[in-house]
Protein chains: 2
Amino acid sequence: MKFPKIPMAAINRLSIYIRALEELEEQGTKVISSERLAKQCGVNPAQIRKDLAYFGEFGVRGVGYRIEDLIREIKEILGLDRTWNIAMIGVGNLGSALIRHGNFIKHGYVFAAAFDIDPHKIGKRLPNGLVIHHIDDLEKVVKECDIHIGVIATPASAAQSVANQLIIAGVNGILNFAPAQIQVPECCHVENVDFTIKLDSIAYHLSTSGT
Amino acid sequence: MKFPKIPMAAINRLSIYIRALEELEEQGTKVISSERLAKQCGVNPAQIRKDLAYFGEFGVRGVGYRIEDLIREIKEILGLDRTWNIAMIGVGNLGSALIRHGNFIKHGYVFAAAFDIDPHKIGKRLPNGLVIHHIDDLEKVVKECDIHIGVIATPASAAQSVANQLIIAGVNGILNFAPAQIQVPECCHVENVDFTIKLDSIAYHLSTSGT
DNA sequence: CCCTCTATGTGATTTAATTCACTTTAATAA
DNA sequence: TTATTAAAGTGAATTAAATCACATAGAGGG
């Protein structure tokens, strides 16, 4: 396959595949067909094959995919064959819960710094040992700790300004939990985790499906 | 316009529009064109007009949209002209942070019940006054509190079983924070808030854009 | 060594979503 | 009252994504 544009949705599905594959591996399964994996992930088998085909040929015709190999390949594709240092900006309810939450650590993401603007919090230590820095020290600490990804867990009103500071500090990956659309230059990649939108979507579906 | 299938993405955008509109209203703006709103939301103006056209004609040609009216109309479309009772299942780091978090309450969502499986937590009160029930009492409490939406904030391994219990209890809207694909019958609507996928997506983009 | 079987890899097709570009309509001013 | 203007509404065109369906190739048995 040549150099087609890769749909974002395909990238997201790779994460889902990897989860299913790791579960299968734990159960001792060695090989799986696109059909069975598709069933487990709730997608179309051709979709899996096409998603993988964007990046190479990882299967064995007539047999399927060797799970161990495929996990390694997908991790390499996604850039999960290394660690990523994360900074949390906003250590309120949500921010501190996310730091304590185990799911970040699973795949090589490491919380390496935390920031807030509340004078009462600055200098305090989080349960995991991180010191809370003032947001004004962002650029300095980002350099010191080699931060790759910023997680915004501030109120919506602060999100854009925090994003600006992250970009100035050279952070090109942002995970935004604030319910706000933030504008960033081309070089920076933003993902929004916006559960208010999801809730509204549920409300819409409940309203319309006559429940 | 007749009865076209409405893209899910259009529904999600309505939430984004409403946010921008409420901000504009606070600033005292009365009327806005699709072009200016589009700029603010980072989308194409025709997209806004088409999204709204799925549901009716809300603008004034040559003028724009009256903000107050449009907010009311979109709220009605999404089913936000009422309150929705929410149950939190899993009162760990994330669950309790979400309950304390203000964004749920903004648009008529009310936490009306909380559940866990840890015996140490059952019977305790959360800061907002909610008593933590055992998950086995789900069906009973859902009836008593008239719960419409369940939020799953358990480990991935428990997500499917919790979803099953919610459905048995008659809850047809689920917001799933666990990193797991859950299977539900047609009648039930699930939205996933999966920040591990989003993080992987960021890792992919950082890896490929040579940073 | 060849034949069969099975599941991948992929060009072609279908389906869906987005954007364009034009038509319509309301407001305003002459 | 009529001309002008601005922006909504919308059919058509475009672009993108998902699915189908078949050609292909490796594995294993005879």
Side-chain angles (χ1 to χ4, degrees), chain A residues 1-17 20-21 24 29-71 73-74 77 181 197 201 204, chain B residues 1-17 20-21 24 29-71 73-74 77 181 197 201 204:
Chain A
M1 182 166 271
K2 311 196 307 293
F3 303 105
K5 269 198 296 334
I6 294 159
M8 178 65 99
I11 301 296
N12 291 333
R13 280 189 296 269
L14 291 184
S15 297
I16 294 175
Y17 303 156
L21 290 167
L24 287 162
T29 316
K30 297 291 183 199
V31 173
I32 193 162
S33 67
S34 61
E35 187 164 338
R36 290 217 300 130
L37 183 59
K39 187 159 290 169
Q40 182 150 342
C41 298
V43 302
N44 182 296
Q47 180 116 77
I48 292 183
R49 299 200 296 276
K50 185 139 280 189
D51 287 345
L52 294 173
Y54 288 124
F55 302 99
E57 303 195 4
F58 306 116
V60 183
R61 296 184 190 208
V63 178
Y65 299 92
R66 285 202 14 94
I67 288 177
E68 193 189 330
D69 293 352
L70 189 54
I71 289 174
E73 295 283 4
I74 296 180
I77 291 165
Q181 296 311 106
I197 290 177
S201 169
Y204 169 77
Chain B
M1 186 166 269
K2 312 200 304 294
F3 303 105
K5 270 199 296 329
I6 295 159
M8 179 64 100
I11 302 296
N12 291 333
R13 281 190 297 267
L14 291 184
S15 297
I16 294 174
Y17 302 157
L21 290 166
L24 287 162
T29 317
K30 298 293 182 195
V31 173
I32 194 163
S33 66
S34 61
E35 187 162 338
R36 287 217 301 132
L37 183 59
K39 187 157 290 172
Q40 184 150 343
C41 297
V43 301
N44 182 297
Q47 180 115 76
I48 292 184
R49 299 199 298 274
K50 185 139 280 190
D51 287 344
L52 295 172
Y54 289 125
F55 302 99
E57 303 195 3
F58 306 116
V60 182
R61 295 182 191 209
V63 178
Y65 299 93
R66 282 202 15 95
I67 288 177
E68 192 189 330
D69 294 353
L70 189 54
I71 289 174
E73 295 283 5
I74 296 180
I77 292 165
Q181 299 308 107
I197 290 177
S201 169
Y204 169 77

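Chain letters run A, B, ... following the sequence lines, proteins first and then strands; every chain starts at 1.
Between A/Ser34 and the phosphate of C/dT8, there is a side-chain N or O to OP1/OP2 separation shorter than 4.0 Å.
Closest of all the heavy-atom pairs between B/Ser201 and A/Asn12 is CB-OD1, 3.7 Å. Closest of all the heavy-atom pairs between B/Tyr54 and B/Lys5 is CE2-O, 4.3 Å. When every heavy atom of B/Thr29 is checked against every heavy atom of B/Ile67, the shortest pair comes out as O-CD1, 3.6 Å. The shortest heavy-atom contact between A/Ala20 and A/Cys41 is CB-SG, 3.7 Å. Residues B/Leu52 and B/Phe58 share a closest heavy-atom pair of O-CE1, 3.5 Å. The minimum heavy-atom distance between A/Asn44 and A/Ala38, with the atom names listed, is C-CB, 3.9 Å.
For residues 64-71 of chain B, proximity to DNA chain C is found at no residue, defined as any non-hydrogen atom under 4.0 angstrom from a strand atom.
Rounded to an integer number of Å, the gap from CZ of A/Phe55 to C1' of C/dG9 is 15 Å. If you take CD of A/Glu35 and C1' of C/dT8, they are 12 Å apart, rounded to a whole angstrom. Here the P atom of nucleotide C/dA7 and the CD atom of A/Glu57 are 18 Å apart, to the nearest Å. In this structure, A/Leu52 places its CG atom 11 Å from P of C/dT10, rounding to the nearest Å. Summarising the geometry, the separation between CG on B/Leu37 and C1' on D/dA7 is reported as 13 Å, rounded to the nearest angstrom. As rounded to whole Å, 16 Å separates atom P of D/dT10 from atom CD1 of B/Ile48.
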Can you pull every protein N or O that's under 3.5 Å from an N or O on nucleotides 15-17 of chain C?
none

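Taking 4.5 Å as the limit, every side-chain heavy atom of A/Leu70 sits out of range of all side-chain heavy atoms of A/Tyr17. A heavy-atom distance below 4.5 Å is not found between the side chains of A/Ile74 and A/Phe55. Between B/Val60 and B/Tyr65 the shortest side-chain heavy-atom distance does not fall below 4.5 Å.
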5' to 3', nucleotides 20-30 of chain C under a 4.0 Å protein heavy-atom cut-off (B base, S sugar-phosphate only, - none) gives BB--BBBS---

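Residue B/Gln40 places its CD atom among more than 12 non-hydrogen atoms of other residues, nucleotides or ligands, all under 6.0 Å distant. The environment of CZ in A/Arg13 is crowded: more than 12 heavy-atom neighbours from other residues, nucleotides or ligands sit within 6.0 Å.
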